[in-house]
Amino acid sequence: MDSSRRTALGLTCAAGAVGGAAVAIPFVSTFTPSERAKAAGAPVEVDIAGMNPGELKRVEWRGKPVWVIRRTKEMLDSLGKTDPEVADPKSARTAYPTPDYAKNQFRSIKPEYLVVVGICSHLGCSPTEKFTPGAQPSLPDNWAGGFLCPCHGSTFDLAGRVFKNKPAPDNLEVPPHMYLSDTRLLIGDDKKA
């Protein structure tokens, strides 16, 4: 093979390699998650400074509704009464693992605040808050307050624990979370909890 052919062949191979790399780079870069995808899984900071007792604040984390409830003394007192009526009072079931810091009667780090994912463990519906105690449509006469999933009638107490003999198999999920200060809550990360 003469030197001019060898040079032409070498240049053609080099041009092909450069062209192949130029075509491959955009495809390879699509393998990394977009900024939007990264943000969808990122922790969410919540300001709880202005929450009144009995108030529910809704935020979104990983595309799920998360509820932060500042419970009143009466709400906290009702949890002792619902203990014998709920299916998993100690949050021992593992389908939705409860963080160790929430494996207590209040299912929270601080009893005053409940942090749960607002999705029913039955079919993924979103329960509604029914904080007012007493008889109401679709609720028992001795209702102490909590949540009702209107789709199939599952009920949850004010700690997100499902009542016995309901379609929902598990308590509402407690997401990983921690307090950054007395007025700031971080949902999605619990390294310091």
Side-chain angles (χ1 to χ4, degrees), residues 40-41 43-44 46 48 51-178 185 187-190 193:
V44 176
V46 183
I48 57 174
M51 288 185 71
N52 296 316
E55 185 179 342
L56 179 145
K57 183 177 265 195
R58 291 174 175 85
V59 296
E60 186 176 329
W61 170 69
R62 291 188 175 178
K64 300 175 189 177
V66 176
W67 299 335
V68 179
I69 300 106
R70 183 173 180 193
R71 296 179 282 201
T72 64
K73 182 183 179 327
E74 294 78 23
M75 291 173 152
L76 292 170
D77 291 345
S78 75
L79 298 178
K81 298 172 190 164
T82 58
D83 259 2
E85 300 173 31
V86 295
D88 184 18
K90 305 284 187 213
S91 298
R93 294 183 180 167
T94 58
Y96 292 103
T98 301
D100 288 338
Y101 50 81
K103 286 188 177 181
N104 53 54
Q105 178 185 23
F106 306 108
R107 296 188 75 224
S108 61
I109 298 170
K110 295 181 180 183
E112 185 178 2
Y113 291 98
L114 174 67
V115 180
V116 290
V117 175
I119 297 176
C120 180
S121 59
H122 180 226
L123 293 175
C125 306
S126 189
T128 57
E129 67 269 15
K130 298 289 185 179
F131 293 163
T132 306
Q136 299 167 53
S138 302
L139 294 170
D141 291 343
N142 65 344
W143 180 247
F147 307 94
L148 167 69
C149 187
C151 301
H152 301 98
S154 292
T155 49
F156 303 86
D157 72 356
L158 288 162
R161 301 177 300 181
V162 67
F163 283 88
K164 293 176 183 174
N165 303 316
K166 297 294 178 176
D170 283 297
N171 298 333
L172 296 177
E173 177 185 0
V174 175
H177 65 282
M178 65 184 188
L185 177 67
I187 298 170
D189 190 1
D190 59 2

Checking [X] side chain against [Y] main chain: does a donor-acceptor pair fall under 3.5 Å?
| X | Y | value |
| --- | --- | --- |
| Trp143 | Lys130 | yes |
| Arg71 | Leu158 | yes |
| Arg161 | Leu79 | yes |
| Asp88 | Asn171 | no |
| Lys166 | Val86 | no |

Rounded to the nearest 0.5 Å, what's the gap from [atom1] on [X] to [atom2] on [Y]? Could you check?
| X | Y | atom1 | atom2 | result |
| --- | --- | --- | --- | --- |
| Phe131 | Thr72 | CZ | OG1 | 9.5 Å |
| Lys110 | Leu185 | NZ | CG | 8.5 Å |
| Asp189 | Met178 | CG | CE | 4.5 Å |
| Leu172 | Arg107 | CG | CZ | 7.0 Å |
| Ser91 | Asp170 | OG | CG | 9.5 Å |
| Thr155 | Asn165 | OG1 | CG | 10.0 Å |

>> Do Val66 and Val115 have side chains that approach each other closer than 4.5 Å (heavy atoms only, starting at C-beta)?
In response: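 Result yes, sub-4.5 Å side-chain heavy-atom pair found.
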Write down the atom of [X], the atom of [Y], and the distance for their closest heavy-atom approach.
| X | Y | answer |
| --- | --- | --- |
| Pro167 | Ser154 | CD-OG, 3.4 Å |
| Pro127 | Gly118 | CD-O, 3.6 Å |
| Pro84 | Lys81 | CD-O, 3.5 Å |
| Pro176 | Tyr101 | CA-OH, 3.3 Å |

> Counting heavy atoms not belonging to Lys103, are there more than 12 under 6.0 Å from its NZ?
Replying inline: yes
> Looking at Leu114, Val116, Ile187, which hits side chain to side chain contact (heavy atoms under 4.5 Å, CB included) with Val68?
Replying inline: Ile187
> Side-chain donor-acceptor pair under 3.5 Å between Thr82 and Asp157, yes or no?
Replying inline: yes
>> Under the criterion side-chain contact (heavy atoms from CB on, under 4.5 Å), I'd like the reasoning laid out for Ser138 against Leu148: C-alpha separation, chi angles, the key distance, then a yes or no.
In response: CA-CA 8 Å; Ser138 302; Leu148 167 69; 3.9 Å; yes
> Is any side-chain N of the basic residue among Glu112 and Arg70 closer than 4.0 Å to the acidic one's carboxylate O?
Replying inline: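 Arg70 and Glu112: salt-bridged.
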> Do the rings of Phe147 and Trp67 sit parallel, tilted or perpendicular, given the 30° and 60° boundaries?
Replying inline: parallel
> Given Asn142 and Glu85, is the side-chain contact (heavy atoms from CB on, under 4.5 Å) satisfied, shown in steps?
Replying inline: CA-CA 11 Å; Asn142 65 344; Glu85 300 173 31; 4.1 Å; yes
